[in-house]
Amino acid sequence: MKVLVCNVGSTSLKFKLFDMPGDKVLADGKVERVGRTDAIFHYGNRETGYTIQLENQSILSYAEGIRRYLNCLTDPEHGVIPQVSEIERVGFKTVLAKGFYGIHELTAEVLQAMEDYLIVAPAHNGPYLEAIRQIQQVLPGVKLVGVFETAFHTTIPQARRIYGIPYEWYEEYGIQRMGYHGASHGYIADVLTEQSGGTGNAISCHLGGSGSLCAIQNGVSVDNSFGFSLQTGLIHANRIGDTDAYIIPYLLAQGKSVEEITKGMDKQGGLLGISGVSNDLRDIQIAAEGGNERAQLAIDAYCAGIIHYVGAYYAELGGLDHLVFTGGIGENSSLVREKVCGAVTHFGIVLDAQKNAQRSAQARIISAEASKVKVWVIPANEELGIARRTYEYR
Ligand code: ADP
């Protein structure tokens, strides 16, 4: 079965066409700056190695972006399928829909439920709703499947899902700990199972533009550092992470508007807010090396948050077999891995400094032989996770 995986950003579209089962990628594609006349279009045929990148393209809508990609897929010379009707399913890394937390066909009812939570996940639900509606028109009759980022976390026990809020807020509005980054953490569970025969007790640290830790027990999620929204948990690139809900009424009373507060929380906070330098850890590391104290504080606070959740999940899991780093920061920042692992040596975690410093695109173990806990770096592959779940969906 040909499964197209579509990753939607606020101004970008990324595609991968899979042949399932077998996890084979046939072709990938990317459109950057959707909605502009200087869009960048990329297509790659994974079979032949042919790639093309076109700049200054007029791609004014998601529909136009996907049409371009479909034309490449069916191109007689560089395509990989004879006709578009070969595509049986499209899988989306959708984020949140009220009352639909697993893997669902994207019916009108599910799209309405995404709309209902637009205010909780505006940066994600808005672009996805627009792209899905346009793709429905470009690919009529094809089954569209939403592998919600909450799906892997539906196994979190109720005692960790519930907040200490008036119970009717939970019943009426669905306010609870959701957990996100499900495609990434679910893929990590798959890799540990394939390579170690099971996950046992594992902590998966997805550290990218946004970050979360997931406690995994025997293959299923039992906790995640995200809460009801994606604003919570770790400090993110621009988003605040865990804070005290009472700063909001306090700031309102000081005369700040709701718009100013939400902008502060999702655009001006996180690593950028603390460092005042950048939302990119690479820039912050350089500034800290140059003696910038706020940059150093941002790195320290970021790592302290990760260490906090590692400790919490160690206690919840009752021990630890695997600690995994993934995502742009998790895969590339040996400094963050060193600081985190160095703080929890009493859990039986011993890093091999040389292995930690090495780079590789493969999943690898970076702990010392003597380490009781295996420490891994596993490159994120959320698209494969989505392709598998979309293919399996019944
Ligand atoms: P997203 O969450 O947006 O998909 P990624 O998972 O690709 O992003 O992570 C992006 C982040 O990874 C960048 O903002 C940067 O902070 C970090 N990063 C990438 N390479 C390095 C590196 N060599 N050292 C430190 N941080 C890095």
Side-chain angles (χ1 to χ4, degrees), residues 5-16 28 30-34 92-95 121 123-124 127-128 147 149 180-188 204-214 224-226 229-241 266-290 292 294-296 298-303 305-306 324-341 356-361 363-364 366 376-386:
V5 172
C6 188
N7 199 337
V8 182
S10 54
T11 59
S12 69
L13 268 180
K14 287 185 209 146
F15 304 104
K16 261 187 193 166
D28 49 26
K30 187 156 82 173
V31 189
E32 291 169 81
R33 304 186 190 151
V34 176
F92 292 89
K93 194 173 73 120
T94 40
V95 173
H124 301 87
Y128 263 104
V147 182
E149 284 285 71
Y180 296 94
H181 284 159
S184 176
H185 296 305
Y187 174 73
I188 296 301
S204 165
C205 311
H206 179 107
L207 310 176
S210 63
S212 79
L213 264 66
C214 181
N224 180 249
S225 57
F226 275 124
S229 76
L230 292 104
Q231 298 292 347
T232 44
L234 301 181
I235 292 166
H236 309 280
N238 295 66
R239 304 202 303 265
I240 53 172
D266 64 22
K267 298 218 162 49
Q268 300 165 332
L271 287 171
L272 173 67
I274 300 176
S275 71
V277 170
S278 168
N279 64 358
D280 189 313
L281 191 68
R282 285 167 287 200
D283 302 332
I284 299 171
Q285 280 180 207
I286 292 166
E289 281 159 19
N292 184 317
R294 272 177 61 185
Q296 187 59 52
I299 296 171
D300 292 345
Y302 182 72
C303 292
I306 300 167
V324 182
F325 291 92
T326 188
I329 295 173
E331 291 163 36
N332 294 301
S333 179
S334 54
L335 174 78
V336 168
R337 296 192 300 254
E338 183 191 306
K339 278 175 86 75
V340 171
C341 293
N356 184 40
Q358 279 161 7
R359 286 176 168 272
S360 162
R364 64 190 203 277
I366 57 165
W376 297 74
V377 177
I378 301 180
N381 194 345
E382 293 165 290
E383 289 89 356
L384 179 54
I386 304 282

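Sequence positions, counted from 1, serve as the residue numbers for this chain. Remember, it's 1-based here, ligands and their atoms both numbered in the order they're listed. Atoms considered below: every heavy atom in the structure, side chains included; atoms not considered: hydrogens, waters and symmetry mates.
Counting heavy atoms from C-beta outward, Glu149 and Glu382 have side chains that approach closer than 4.5 Å. In this structure the side chain of Arg337 never reaches within 4.5 angstrom of the side chain of Cys205, judged on heavy atoms. Residues Tyr302 and Ile284 are not in side-chain contact: their nearest non-hydrogen atoms beyond the backbone lie 4.5 Å or more apart. Side-chain contact between Ile188 and Trp376 is absent, with no heavy-atom pair separated by less than 4.5 Å.
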Handout entry: Cys214 vs His206, side chain to side chain contact (heavy atoms under 4.5 Å, CB included): CA-CA, chis, key distance, verdict
Key = CA-CA 8 Å; Cys214 181; His206 179 107; over 6 Å; no
Handout entry: Candidate pair Ser333 and Gln285, rule side chain to side chain contact (heavy atoms under 4.5 Å, CB included), full reasoning
Key = CA-CA 10 Å; Ser333 179; Gln285 280 180 207; 3.1 Å; yes
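Considering only non-hydrogen atoms, atom 27 (C) of ligand 1 lies nearest to Arg282 out of Arg359, Glu331, Arg282.
Scanning all protein heavy atoms for the shortest distance to atom 16 (O) of ligand 1 gives Leu281 N, 2.9 Å. Scanning the protein for heavy atoms near atom 8 (O) of ligand 1, the closest one is Gly209 N, 3.4 Å. Regarding atom 6 (O) of ligand 1, its nearest protein heavy-atom neighbour is Gly328 N, 2.9 Å. Counting only heavy atoms of the protein, atom 17 (C) of ligand 1 lies nearest to Ile329 CG1, 3.4 Å. Closest to atom 21 (C) of ligand 1, if we only count protein heavy atoms, is Asn332 CB, 3.4 Å. Taking atom 15 (C) of ligand 1 as the reference point, the nearest protein heavy-atom neighbour is Asp280 OD1, 3.2 Å.
For Gly327, no nitrogen or oxygen atom sits less than 3.5 Å from a nitrogen or oxygen atom of ligand 1, counting backbone and side chain alike.
To the nearest 0.5 Å, the span separating CG on Leu207 from CG on Leu213 amounts to 6.5 Å. Distance check: Ile366 CD1 to Ser360 OG gives 11.5 Å after rounding to the nearest 0.5 Å.
Distance check on atom 4 (O) of ligand 1: every protein heavy atom falls at or beyond the 4.0 Å cut-off.
Contacts between Ser210 and ligand 1 below 4.0 angstrom, taking non-hydrogen atoms only, involve the backbone exclusively.
Listed by number with element, the atoms of ligand 1 under 4.0 Å from a non-hydrogen atom of Ser333 are 25 (C).
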